[in-house]
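One structure is given here, and the rest of the page talks about it.
Note: hydrogens, waters and symmetry copies are ignored here, and every other heavy atom, side chains too, is used. Order of appearance sets the numbers: ligands from 1, and atoms from 1 within every ligand. Computed from a predicted model, the values in this text were never measured in an experiment.
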Amino acid sequence: MTTTLQLPASRVQDPNSAPPLRWGIMGPGRIATDFASSLKQHTQQQLTAVASRNHARAEDFAEQFGIGLTFDSYQALAASPDVDVVYIATPHPFHAECARIALEHGKHVLIEKPFAVNAEEAQSIVELARERNLFAMEAMWARFTPAADVIRQILANGLLGEVQHVRADLGEHFDPVRNARLFDPALGGGSLLDLGVYLIAYDAFLFGEPPLEVAAVGNRTDSGVSADVAMTLTHRTGTSQLFTTLDVRTPTAAFVKGSTAMLEIHTPFYAPTAISLRANDASSEVRQDFSVQSQVDGLCFEAAEVARCITAGLTESPHHTLDGTVETLRVLDRAESLIPAVGVALNSV
Ligand SMILES: NC(=O)c1ccc[n+]([C@@H]2O[C@H](COP(=O)([O-])OP(=O)(O)OC[C@H]3O[C@@H](n4cnc5c(N)ncnc54)[C@H](OP(=O)(O)O)[C@@H]3O)[C@@H](O)[C@H]2O)c1
């Protein structure tokens with residue numbers, strides 16, 4: 001029998017049409033630069049304030065993006081009446097503290113990935129946001145692109161049948177000197193928190209729920225952070241094999257085997273340039289290309305989602321929930337605990 005597969009169209013609206021909010025930025029580093037560029041190029045969002053521990057850095061950043069207010073403390077930015085929502089772009093160990101400061105000053109928060117360094121810390125942010133009735137979300141930008149919406153519909157419409165297997169990898173080559181943060185335990189370094197978070201969150205998106213069991217083998221850098229890590233996750237309906245590394249750029253592709261069709265998510269899976277859907281019996285195949293090529297083109301979608309949710313009175317995004325975010329950190333905690341302090345974990349045969 002011949003099946004004709006058809007891909008749904010993306011329902012993601014133009015980020016430029018999202019209602020403008022006033023944004024304050026904590027931590028004007030690398031990703032904050034991409035975020036501000038993306039907002040400037042693709043949205044009506046207003047960048048009103050920036051805070052750095054170093055005032056000169058805040059001023060440079062403000063000049064680059066036409067931001068009116070600069071602060072030399074995160075507290076002062078959080079207290080500003082000219083800010084609606086704070087984008088937290090500090091290294092992971094400071095996310096929880098920055099979020100607490102912002103939420104206690106009545107500000108909504110968008111927090112860079114990973115939301116926190118472990119599930120317990122993430123849960124404390126979630127509880128504070130809920131207590132204050134404020135919006136909070138992890139900046140998992142991969143959830144909000146047009147490609148993600150097409151995949152969301154493929155899953156929801158049962159075009160794959162039951163999801164039975166996911167395979168994905170995410171590795172990059174990081175020079176330990178130029179990328180010291182990634183190798184420094186005090187700054188939350190390691191492949192799991194920096195890159196593994198994308199894999200685990202994406203896997204939960206594809207299966208629609210967190211795994212039941214986590215197995216991981218891998219090793220650590222000389223500084224003691226996670227390096228090469230291979231994970232096998234067991235879900236109710238299938239399994240996943242995920243690999244991350246700080247050592248080499250991997251293909252960064254993903255595929256999802258369903259009971260009736262297979263979805264290939266072309267590299268890089270977190271912002272795919274194309275997807276292909278193929279019937280398991282090879283009777284039909286369809287492909288769609290996407291235009292998001294860079295973070296600057298992609299980060300605007302998460303900002304638009306935040307603006308739309310806050311304007312609609314929501315305290316979290318239905319597409320990237322707070323409970324889901326905590327679950328992802330629980331999986332990362334478990335994987336981290338399985339990687340030995342020295343050497344490679346091997347199962348005997
Ligand atoms: N979404 C993505 O695609 C993506 C990509 C890269 C990184 N990220 C995430 O974004 C966060 C920041 O990463 P990044 O690469 O932008 O880092 P970065 O370039 O090192 O910038 C981090 C900023 O945090 C501030 N900071 C506050 N306390 C600090 C401390 N004790 N040590 C160092 N910096 C401190 C610094 O700002 P001041 O000194 O000016 O206050 C600095 O500008 C991380 O959580 C990372 O996972 C996300």
Who pairs with E264 by salt bridge (charged side-chain N to carboxylate O under 4.0 Å, His left out), at least two apart in sequence or on another chain?
R278
Quick test: of every protein heavy atom, which one is nearest to atom 21 (O) of ligand 1, and how far off is it to 0.1 Å?
G29 CA, 3.3 Å
Using heavy-atom distances only, which candidate in L299, I25, I31 approaches atom 16 (O) of ligand 1 most closely?
I31
For atom 11 (C) of ligand 1, which protein heavy atom lies nearest, and how many Å away is it?
T90 O, 3.3 Å
Under-4.0 Å heavy-atom contact with ligand 1, by part of R181 that carries it:
side chain
Which protein heavy atom lies closest to atom 9 (C) of ligand 1, and at what distance to 0.1 Å?
K113 O, 3.6 Å
Ion pair present between K113 and E302, side-chain N to carboxylate O less than 4.0 angstrom?
no
Nearest neighbour in protein (non-hydrogen) for atom 39 (O) of ligand 1:
R57 NH2, 2.3 Å
Does F35 have a non-hydrogen atom less than 4.0 Å from ligand 1?
no
Heavy-atom side-chain contact between V50 and L69 under 4.5 Å:
no
Tell me which protein heavy atom sits closest to atom 40 (O) of ligand 1, plus the residue, atom name and distance to 0.1 Å.
S52 OG, 2.4 Å
Main chain of V229, side chain of T244: is a donor-acceptor contact present, judged purely on distance under 3.5 Å?
no
Provide the number and element of each atom of ligand 1 under 4.0 Å from a heavy atom of D194.
47 (O)
Short question: side chain of T43, backbone of C300 - any donor-acceptor pair under 3.5 Å?
no
Counting each atom of ligand 1 from 1 as listed, which ones have a heavy atom of Q295 under 4.0 Å away?
2 (C), 3 (O), 5 (C)
With a 4.0 Å cut-off on N to O distance, would you call R330 and E327 a salt bridge?
yes
For ligand 1, which atoms, with element, lie under 4.0 Å from some heavy atom of L187?
32 (N)
How far is atom 45 (O) of ligand 1 from its nearest protein heavy atom, and which residue and atom name does that atom have?
H92 ND1, 2.8 Å
Give the residue and atom name of whichever protein heavy atom lies nearest to atom 19 (O) of ligand 1, and the separation in Å to one decimal.
R30 N, 2.9 Å
Under a 3.5 Å cutoff, is there a donor and acceptor pairing between the side chains of H320 and R143?
yes
Mind checking whether F269 and I275 have side chains closer than 4.5 Å, heavy atoms only?
no
Below 4.0 angstrom from a heavy atom of Y198, which ligand 1 atoms are there? Numbered from 1 as shown, please.
1 (N), 2 (C), 3 (O)
Using a 4.0 Å cutoff against the non-hydrogen atoms of P28, which atoms of ligand 1 qualify?
37 (O), 40 (O), 43 (O)
Heavy-atom side-chain proximity of I154 to L160 below 4.5 angstrom
yes
If the condition is side-chain contact (heavy atoms from CB on, under 4.5 Å), which residues does R287 pass it with, not counting sequence neighbours?
H266, A274, S276, D289
Within 4.0 Å of some non-hydrogen atom of H95, the atoms of ligand 1 are 45 (O)
Going by the 4.0 angstrom heavy-atom rule, the piece of R53 near ligand 1 is both
Considering only heavy atoms, which of G27, A89, G189 lies nearest to atom 22 (C) of ligand 1?
A89
Evaluate the ring planes of H235 and F207, with Trp represented by its six-membered ring, and classify them as parallel (under 30°), tilted (30 to 60°) or perpendicular (over 60°).
parallel
Tell me if the centroids of the rings in Y270 and Y202 come within less than 6.0 Å of each other.
no
Give the single entry among H55, M26, E112, E97 that approaches atom 48 (C) of ligand 1 most closely by any heavy atom.
E112
Between R22 and Q46: side-chain donor-acceptor atoms closer than 3.5 Å
no
Pick whichever of F94, F71, F61 has a heavy atom sitting closest to atom 31 (N) of ligand 1.
F94
If hydrogens are left out, which of P93, A32, P91, S73 has an atom nearest to atom 26 (N) of ligand 1, that is, the closest non-hydrogen atom?
P91
At under 4.0 Å between heavy atoms, is it the side chain or the backbone of Y74 that contacts ligand 1, or both, or neither?
side chain
